[in-house]
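Starting from 1, each residue takes its place in the sequence as its number.
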Amino acid sequence: MVQHAKEQIRGHYRMAQLRAALRADLTPAEVAMVAATLTEPEQRLFGAMPRYDQRHCLDVHHTLVAAGYDEPLLRRAALIHDCGKVDDHGRPMALGWYVVATILKQIPGLYLAVARYGGMLQPIRIYAEHAWRGAQMAAKAGSPPVMVEALRHYHDPNPTGLAALLKWADEQH
């Protein structure tokens, strides 16, 4: 009974996330903040993400700032932490693939097998590797090594430093 209730709550949460993604929008103040916070190459990484990922990154950023974390490199990392979900041709991951990845992650062995396979399921591989990919993209954009390391490790099981703070804020959304 308790497990069923937890699954029902998780299902409602995921549906709310989907609705929010479909309605994602940025305020003019947020657009200005992104421009003032990120370097020009980092702004291009932010701009390449679909609106729903931009909204999520802004929400993670706002969570950190509201909790009193105002470290500039952490704020910059938060704003681009999902940039690795864009493929090698600059195409963002379609929203439907997020749904597939979320379902597959409930069966870790299958998720990892699909992520290794690639092929026509390449978006799942990109999703699984997005932290590493985003760190590589940030390094190419000239982001400082401390920021690149936070991006690379925020999905690790036990990250430290800025990566741990980024993981905490990301898990709030």
Side-chain angles (χ1 to χ4, degrees), residues 10 13-67 69 72-105 111 114-115 118 121-143 147-156 159 162-163 165-173:
R10 183 180 301 159
Y13 172 73
R14 292 297 182 192
M15 287 305 295
Q17 276 187 312
L18 180 60
R19 281 191 301 275
L22 292 171
R23 289 183 271 146
D25 202 13
L26 314 181
T27 68
E30 288 172 325
V31 172
M33 182 274 297
V34 167
T37 302
L38 298 177
T39 65
E40 285 187 34
E42 291 167 354
Q43 288 176 44
R44 286 192 288 279
L45 295 177
F46 182 87
M49 290 186 286
R51 186 59 52 106
Y52 43 84
D53 278 336
Q54 291 174 350
R55 173 78 264 150
H56 167 72
C57 288
L58 280 160
D59 292 343
V60 169
H61 174 273
H62 293 323
T63 296
L64 288 163
V65 172
Y69 299 107
L73 295 180
L74 177 60
R75 291 178 57 224
R76 286 167 58 192
L79 290 172
I80 63 168
H81 78 274
D82 278 344
C83 69
K85 292 179 182 175
V86 174
D87 74 13
D88 294 338
H89 304 288
R91 293 181 301 237
M93 190 171 153
L95 192 55
W97 286 110
Y98 285 84
V99 175
V100 173
T102 300
I103 293 167
L104 285 174
K105 285 170 59 176
Y111 172 68
V114 169
L121 300 173
Q122 184 67 11
I124 301 301
R125 180 181 206 135
I126 290 169
Y127 182 90
E129 296 176 347
H130 80 271
W132 174 83
R133 293 171 54 80
Q136 298 293 65
M137 294 164 84
K140 286 180 185 170
S143 299
M147 185 175 151
V148 171
E149 285 303 303
L151 292 168
R152 171 65 186 99
H153 295 290
Y154 83 97
H155 272 304
D156 288 0
L162 296 183
L165 294 171
L166 185 55
K167 179 177 184 163
W168 168 79
D170 187 45
E171 289 176 347
Q172 308 307 305
H173 302 278

To check you understand the geometry: which heavy-atom pair defines the closest contact between [X] and [Y], and what is its length?
X	Y	answer
Ala131	His155	CB-CD2, 4.1 Å
Thr63	Gln172	CG2-CG, 3.9 Å
Val148	Ser143	CG2-O, 3.7 Å
His81	Asp170	NE2-OD1, 3.0 Å
Ala169	Val60	CB-CG1, 3.7 Å
Ala138	Ile80	CB-CD1, 4.1 Å

Side-chain contact, heavy-atom cut-off 4.5 Å: [X] with [Y]?
X	Y	result
Thr27	Val31	no
Trp97	Thr102	no
Cys57	Met49	yes
Leu79	Met33	yes
Tyr111	Ile124	yes

Test your reading of the model: is there a side-chain donor-acceptor pair from [X] to the backbone of [Y], 3.5 Å cut-off?
X	Y	result
Glu129	Ile126	no
Tyr52	Leu95	yes
His130	Tyr127	yes
Gln43	Val34	no

Can you tell me how far [atom2] of [Y] sits from [atom1] of [X], rounded to the nearest 0.5 angstrom?
X	Y	atom1	atom2	value
Leu45	Leu151	CG	CG	9.5 Å
Leu165	Tyr69	CG	OH	5.0 Å
Trp132	Arg152	CH2	CZ	8.0 Å
Gln122	Met93	CD	CE	11.0 Å
Arg55	His62	CZ	NE2	5.0 Å
His61	Arg76	NE2	CZ	11.5 Å

Problem set entry | From CA spacing to verdict: side-chain contact (heavy atoms from CB on, under 4.5 Å), Trp168, Leu64 | CA-CA 9 Å; Trp168 168 79; Leu64 288 163; 4.2 Å; yes
If the threshold is 4.0 Å, N to carboxylate O, is there a salt bridge linking [X] and [Y]?
X	Y	value
Asp82	Lys85	yes
Asp156	Lys167	no
Asp25	Arg51	yes

